Amino acid sequence: MTEEIIIAGFGGQGVLSMGKILAYSGIMQDKEVSWMPSYGPEMRGGTANVTVILSDERISSPYLKMYDTAIILNQQSMDKFEKSVKPDGVLLYDPNGISHHPTRKDIKIYQIEGMKLAAEMGNKKIFNMVVLGAFLKIKPVIKLENVTDGLKKSLSERYHHLIPLNKEAIIKGLGSVSVYNVEEQAFHI
Amino acid sequence: MSELKLMKGNEALAEAAIRAGVDAYFGYPITPQSEVIEHLMAERPEERTGMVVLQAESEIAAINMVYGAASTGKKAMTSSSSPGISLKLEGISYLAGAELPAVIVNVVRGGPGLGTIQPSQADYFQSVKGGGHGDFKLYVLAPASVQEMSDFVEDAFDIAFKYRAPVLILSDGLIGQMMEKVHLKDQQKRMTDEEVIEKYGSWAVTGKTDRERNIITSLDLDPEKMEVRVYKLLKKYDQMEKEDLRYEKISCDDAEYLFVAYGSSARIAQKAVSLARKKGIKAGLLRPITLFPYPKHQLFELADQVKGILSVELNTGQMVEDVQLAVQHKVPVEHFGRTGGIIHTPEEVLEALEDKVIINGCIGNHKTRESSIL
């Protein structure tokens, strides 16, 4: 198994920490992992992205052109990375703030109302965990118990009281994914 | 038991320095290597091992602090990124001249000048062709993973003390900033002065009591004596070539085409090898782990087996000159690389192999293997 993922959005949305939690969860499941961020001035309020690879084998390049899964959290990232999904790959996105929806017909497109659901749960900061849950529904590459262990490992101890809330958010995401039909430009639960 | 963690390359290097029993780190922050000093400060190594961590007022101050600490036989290191390393070069030349063991880490970013903060390998010439003034070389280790960022700290100090010579760890923004899992070694104690003398001899200035005077200097105004000094250095470099050359061969056994790449480019080229093999192109990769000494004999031999070689680097063509020297026109040698902070993709690397080596090398402008034999 090798899963090559790009997570892209605004700096501050928890893009990098979502990637880190996913990578740590991979380690908990004995996977080889790599986490390669875009770093630099573009992170301050601009776009941020991270490439995460989970694999049963030694990972060669941590930097890629095409991805099995793109998790897209803003319009700029949609413009940049829709074309970078491998044919038959997955594009998962939050429609919040998206004006131009994806149009490719050779990939599978899913939607998660991450921002809306997180707001409903009373904490916008868990938005990234809702999205992570949605990803794990589409690609069940990591078991939920390993994600919980990954959360413990990647959050410093003073935030450990938030783990139950994070877990709740992941479960919310697991149950809230819908499929986007390009032809009909509509969502199906 | 080793500890398993998910860490950035920079953090793993810093943690390894504490665990290897390093005595002192002097540095000055610069992207993309600031996590080194950040991690060292946060971990409070003065409480864990007594290690000194100090943010100097400048890169130049930091390297001269390393010179001072190394003179007393202590394991001292510094780290920076490209423009900061340029500032340190005078000090590095002095370290080599005074035969002092020290470890310098360069997490390379795009240049020249202030350049950019993104990954690059444009400091190859600076690292292996001297950089500083005078007849000297650095032993250069090029990590290609977070694990190697961690492991190479101890390896670098072993070499530095074996030869009494400065060692450079040449990383880049990609290896420094990425996270991978890393097995951290157990904590070692710092060595005492007595242990250093027992293992490496008495050469350091530790406060003379009942022994001959030890002198640390790089100055010798008598040219006869200076020449002897330089030849002594040369002898060390010869010994490094014989005893401490490191490289890795990946899929080379049946390879018809060869990538040569180090550090982050080696990771990308390794993916290009598997993409090539899926297309039926028998590609292999030679990864120099030490850039000096360089695996030139291994390349010379591989040139008998392969039809063409592509040197893959994040620069406009630096290591390719050493590949060409090693191969001695047996087969076409080409260069491919992005620069200025852009990272090439595995697909681009494979495309370059096909365009520059396979098509070009076999039909047109280049001397082919067959014609070179004739």
Side-chain angles (χ1 to χ4, degrees), chain A residues 2 4-7 15-44 48-67 81 83-84 86 142 146-147 149-156, chain B residues 3-10 31-35 42 107 109-110 116-119 144-147 172-183 250-251 259 261 263-275 285 287 312 314 338 341-351:
Chain A
T2 297
E4 298 171 335
I5 307 151
I6 181 124
I7 309 168
V15 166
L16 300 186
S17 60
M18 177 180 164
K20 188 179 172 187
I21 289 160
L22 186 56
Y24 242 132
S25 308
I27 291 181
M28 296 298 122
Q29 203 161 307
D30 283 332
K31 302 280 181 209
E32 296 297 322
V33 302
S34 75
W35 177 96
M36 177 65 211
S38 66
Y39 65 90
E42 79 272 20
M43 285 172 70
R44 298 178 204 281
N49 70 70
V50 60
T51 301
V52 176
I53 306 175
L54 308 167
S55 181
D56 294 324
E57 289 156 33
R58 179 177 153 181
I59 293 164
S60 52
S61 178
Y63 184 78
L64 302 164
K65 186 181 174 190
M66 302 295 280
Y67 306 90
F81 293 113
K83 58 182 178 294
S84 306
K86 292 179 194 170
I142 307 289
N146 291 326
V147 178
D149 288 346
L151 269 169
K152 270 186 209 147
K153 281 275 190 177
S154 47
L155 294 177
S156 74
Chain B
E3 191 183 341
L4 180 65
K5 279 194 136 186
L6 180 74
M7 289 182 116
K8 284 191 171 192
N10 290 334
T31 306
Q33 67 81 55
S34 294
E35 290 85 359
V107 183
R109 61 190 239 178
T116 175
I117 60 174
Q118 312 300 335
S145 64
V146 173
Q147 186 65 52
D172 62 58
L174 191 145
I175 302 292
Q177 292 293 330
M178 74 182 286
M179 285 204 274
E180 288 185 304
K181 63 180 177 187
V182 53
H183 294 273
I250 294 166
S251 306
F259 294 111
S264 54
S265 277
R267 296 287 295 268
I268 295 159
Q270 198 189 333
K271 178 103 181 174
V273 167
S274 52
L275 293 176
L285 167 67
R287 172 169 83 97
V312 184
L314 290 170
R338 301 292 299 267
I342 303 275
I343 309 166
H344 33 235
T345 63
E347 287 82 359
E348 276 180 303
V349 171
L350 175 58
E351 206 179 299

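Order of the sequence lines sets the chain letters (A, B, ...), proteins ahead of strands, with each chain counted from 1. All of these numbers come straight from a predicted model, not from anything done at the bench.
Side-chain contact between A:V33 and B:M179 is absent, with no heavy-atom pair separated by less than 4.5 Å. Between A:Y24 and B:K5, some side-chain heavy-atom pair lies under the 4.5 Å cut-off. Here the side chains of A:S154 and B:L6 are not in contact, with every heavy-atom distance at 4.5 Å or above. Taking 4.5 Å as the limit, some side-chain heavy atom of B:K271 sits within range of a side-chain heavy atom of A:L64.
Using a 4.5 Å cut-off between heavy atoms, A:I53 makes no contact with chain B at all. Both the backbone and the side chain of B:Q177 come within contact range of chain A, each with at least one heavy atom under 4.5 Å from a heavy atom of that chain. Heavy atoms closer than 4.5 Å to chain A are found in the side chain of B:I250, but not in its backbone.
For the set B:A266, B:G173, B:G341, B:A144, the count of heavy-atom pairs under 4.5 angstrom toward chain A peaks at B:G173. Annotation: maximal heavy-atom pairing with chain B below 4.5 Å, among A:K153, A:M66, A:M36, occurs at A:M36. Taking B:R267, B:M178, B:E348 one by one and counting their heavy-atom pairs under 4.5 Å with chain A, the maximum is reached by B:R267. For the set B:K8, B:E180, B:K181, the count of heavy-atom pairs under 4.5 angstrom toward chain A peaks at B:K181.
Here the straight-line distance linking atom OG of A:S61 with atom CD1 of B:I343 works out to 8.5 Å at 0.5 Å rounding.
For residues 22-31 of chain A, the salt bridge (Lys or Arg N to Asp or Glu O under 4.0 Å) pairs, not counting sequence neighbours, are A:K31-A:D56.
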